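In the text below, chain A, chain B and the rest are named by the order of the sequence lines, each starting its count at 1. Just so you know, these numbers use all the heavy atoms, side chains as well, and skip hydrogens, waters and symmetry mates. None of these values were measured; they are calculated from a predicted model.
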2 protein chains.
Amino acid sequence: MVIVGAGFGGLTAARALKKVDVRITVIDRSNHHLFQPLLYQVATAALNPSDIAAPIRRILRGQKNVEVILAEVVSIDTSRRMVVLADGLVPYDFLILATGATHSYFGHDEWEPFAPGLKSIQDALDIRRRVLTAFEVAEREPDPEVRRAWMTFVIVGAGPTGTELAGTLVEVARHTLSRDFRHIDPAEASVILLEGTDKVLSAYVDELSTKAKEQLERLGVEVRTGKIVTEIDADGVTAGTERIAAKTILWAAGVAASPLARSLCVPLDRAGRVMVEPDLSIPGHPEIAVIGDLAHVESEGKLVPGVAPAAMQMGAAAAENLRTMLGSRPRSVFHYRDKGMLATIGRGAAVAQLGKWKASGYIAWLLWLFVHIFFLIGFRNRLLVMIQWAWSYVTYDRGARLITGRVKGPLVHGLTSELLPPSDAPPSQPMVTTRYDP
Amino acid sequence: MVIVGAGFGGLTAARALKKVDVRITVIDRSNHHLFQPLLYQVATAALNPSDIAAPIRRILRGQKNVEVILAEVVSIDTSRRMVVLADGLVPYDFLILATGATHSYFGHDEWEPFAPGLKSIQDALDIRRRVLTAFEVAEREPDPEVRRAWMTFVIVGAGPTGTELAGTLVEVARHTLSRDFRHIDPAEASVILLEGTDKVLSAYVDELSTKAKEQLERLGVEVRTGKIVTEIDADGVTAGTERIAAKTILWAAGVAASPLARSLCVPLDRAGRVMVEPDLSIPGHPEIAVIGDLAHVESEGKLVPGVAPAAMQMGAAAAENLRTMLGSRPRSVFHYRDKGMLATIGRGAAVAQLGKWKASGYIAWLLWLFVHIFFLIGFRNRLLVMIQWAWSYVTYDRGARLITGRVKGPLVHGLTSELLPPSDAPPSQPMVTTRYDP
């Protein structure tokens, strides 16, 4: 059998089949499993990529019935039962499809270069580079209006990712960078969180949404709800009639299921997710299960949310169904067990909703911390993350403040390249300052 | 005054001027200072980039007379006393130039895409991706001859960097990856170290060179001395009459000084280094000091080596000369104090030469370990590096085994893209294996 995607869903399925007499091929286009809930910490320079990612081979190396392939899957040929790779083919008898979701610009893909989303390690490093570079450029910018635009950070979408990014960016600006610049005060940076609906963290009950908004504002985030973004370009965002001049815009709004779903030729929902049967298979193909963020599943009349625990439960259920099929027993219907929701907002700020139990503030934040460290795959990462968090918490310092990646010539797109000054410029000055030609 | 380059030399100079009443502008094209002696550990997945790099701003933030600028320096206009940036100008009254060196392909720049060198974080991540990807491709390659080429790693140049890379790559192959693959045995990988001269680590006395070669061979490296490379392409290396089929070639041979040296219009040596005066200034320009790997300096009749301690001593000397100039006292001649040389080869293997005292093997390795941890800038990094090293030492595991960077379509350049198989291919197979069309 083949599992495509080694996220929370795919890995759980592979591990659940450890003792079953079946040969498993796990295919992923990256060599690592990513602990996505902490990706924003890489984007905001608190953690290193390898703290939240582990090689898939290492995770599965003890499991003898598994083979791992690093490859890009192009489509699924359901009639011939083939996984089509960019550079080969893998036949399957059973298939678990767990390729997840990416961000969606609601038909405005032209916004992507100006407002990157956060789904992969590479995305996180891109965002980190943009944020850190913005302060570097602001430091050198003489025009106050342009400088303000470099020090304005707009986050579109107040779901869990947007909320985390906004809360953390304020902390970076107000504390981490506070004493590092000479011409700007990073604490004056504006972090603006735009949300189309009328509340932040809309999956939570109203009481917690309000609490979350209050906590964000206390940290220093400007929260603006009911703002539908209509335009994004290199210089800012337009939301309705309002124009915000900002050089750094981050996208945390829409999600779209992996385009692989389309090759299955079965009904999809509006976000591109596969409308699966109650047992997670697809119509007419009991040998295929679709799980995780790629699956549209209802449980007790409600859509199962796109969160890690749901993906893991589906992975386990799909594996169980495969086992019963091998033993010719009837397959079971998937039931989602809601273990609650947690969202962090910033230092000491979070909201938690576990059934009827609700919490916000410091308690919720400690719970969040505990859950996230506990579930980080691999002891080594867990220890390192704990040390780094403890260190940042005490010192407000962030170790991974590196601008990396190949950037040639002027360091930022949009910085004007300048000519030499007229040759009557003073040959030397006792006070050295950076000068720019108009 | 202006300091260009925040490596060991530039940073030392800036710090030495802490109490002097002078305004200092430090310009660097990256935002971090790099602990280059450990860069090979990032390339071989043992350490994270931020473990060996620290933001220049953070290092200098307590020093009120320093301003840091992130910018690419294009040239020095010595007549008008201007540092010309890609996007601006910075005038200077005093200038310390410390932009270091990069790798040189001896006029064969066309080799660079096939044999990357190791000078920046980005280089290290590129090499890491190439090495890890090579094993991934080998795992999927059915042709034994091609598979062998993917599992052959050639390192050109047996200086400190080449030696470290070779020793560490063998460890990665034999231990770290040992149980992760199903179709290949990574321990069968060949690591070949090619050297043009007749010994490895030629800066060391013969006795230690021989010891280093023995240690490399005991670890499993094939050392081939007296081999001048005449051709490098995507499929291998030619050294004299010998052709080695290898898909991964790393360049650790030549160094060339930063091209900025040319804009000074003063004599350079063959490697492009500036022939400085005994006080580190350049002919006719007492206001300019050139230090570190960019400077060709002789001390007691011998060329000062391009190592971190030498750069730091020059930085201190240049700062001292500036101070004496401000006080109108005479400038002093630079003397290099050789504190000895250390090179690591692999787990428990190193050589050390401190004046007349020589050591090799475990003792030298412990000394190397101590010195490198001690000099890592910033306590936080030091602690994390120690934990990670201790962990890798005990478990042979390497945490940073991530293949990152944008790679689209087929994951490796040179992998053939394939067509669908004929439609009479079996629709399903009980045993799933990866298949390839010829």
Side-chain angles (χ1 to χ4, degrees), chain A residues 1-2 23 25 30-32 48-50 53 55 57-58 61 67 69-72 80-81 86-93 121-122 132 136 140 179-180 182 380-381 384 387 391 399-406 409-411 415-418 420-421 425 427-432 434-436, chain B residues 1-2 23 25 30-32 48-50 53 55 57-58 61 67 69-72 80-81 86-93 121-122 132 136 140 179-180 182 380 384 387 391 399-406 409-411 415-418 420-421 425-432 434-436:
Chain A
M1 67 161 300
V2 174
R23 283 182 61 177
T25 302
S30 74
N31 82 325
H32 48 272
N48 265 303
S50 77
R57 291 193 185 286
R58 190 177 70 192
R61 78 173 163 197
E67 168 178 343
I69 291 179
L70 175 71
E72 176 98 33
R80 291 192 295 150
R81 299 194 180 180
D87 54 355
L89 288 171
V90 183
Y92 63 83
D93 43 7
I121 289 273
Q122 196 59 44
L132 296 176
E136 296 288 341
R140 294 180 56 197
R179 291 186 296 135
D180 285 13
R182 300 291 178 254
R380 179 182 173 284
N381 289 357
L384 285 176
I387 291 170
W391 181 260
R401 272 172 54 197
L402 309 180
I403 300 179
T404 55
R406 296 212 188 284
L411 283 149
L415 250 192
T416 48
S417 193
E418 284 154 296
L420 291 170
S428 166
Q429 294 184 325
M431 281 298 194
V432 174
T434 318
R435 292 189 331 145
Y436 292 88
Chain B
M1 67 160 300
V2 174
R23 283 183 61 179
T25 304
S30 74
N31 82 326
H32 49 272
N48 264 303
S50 78
R57 290 192 186 286
R58 189 177 70 192
R61 77 174 164 197
E67 169 178 341
I69 291 180
L70 175 71
E72 176 98 31
R80 291 193 294 151
R81 299 195 180 179
D87 54 356
L89 288 170
V90 182
Y92 64 83
D93 43 8
I121 290 275
Q122 197 58 42
L132 296 175
E136 296 288 340
R140 293 180 57 198
R179 291 186 294 135
D180 284 13
R182 299 292 179 254
R380 178 181 174 284
L384 285 176
I387 292 170
W391 180 261
R401 271 172 54 198
L402 309 180
I403 299 178
T404 55
R406 295 212 187 283
L411 283 149
L415 251 193
T416 47
S417 193
E418 283 153 297
L420 289 170
S428 167
Q429 296 183 325
M431 281 299 192
V432 174
T434 318
R435 293 189 332 145
Y436 294 89

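Using a 4.5 Å cut-off between heavy atoms, Arg179(B) touches chain A through backbone and side chain atoms alike.
Side-chain N or O atoms of Arg140(A) include one that pairs as donor or acceptor with a backbone N or O of Leu70(B) at under 3.5 Å. No donor-acceptor pair closer than 3.5 Å links the side chain of Arg57(A) to the backbone N or O of Glu136(B).
Note that the CZ atom of Arg182(A) and the OG1 atom of Thr25(B) stand 10.5 Å from one another [nearest 0.5 Å].
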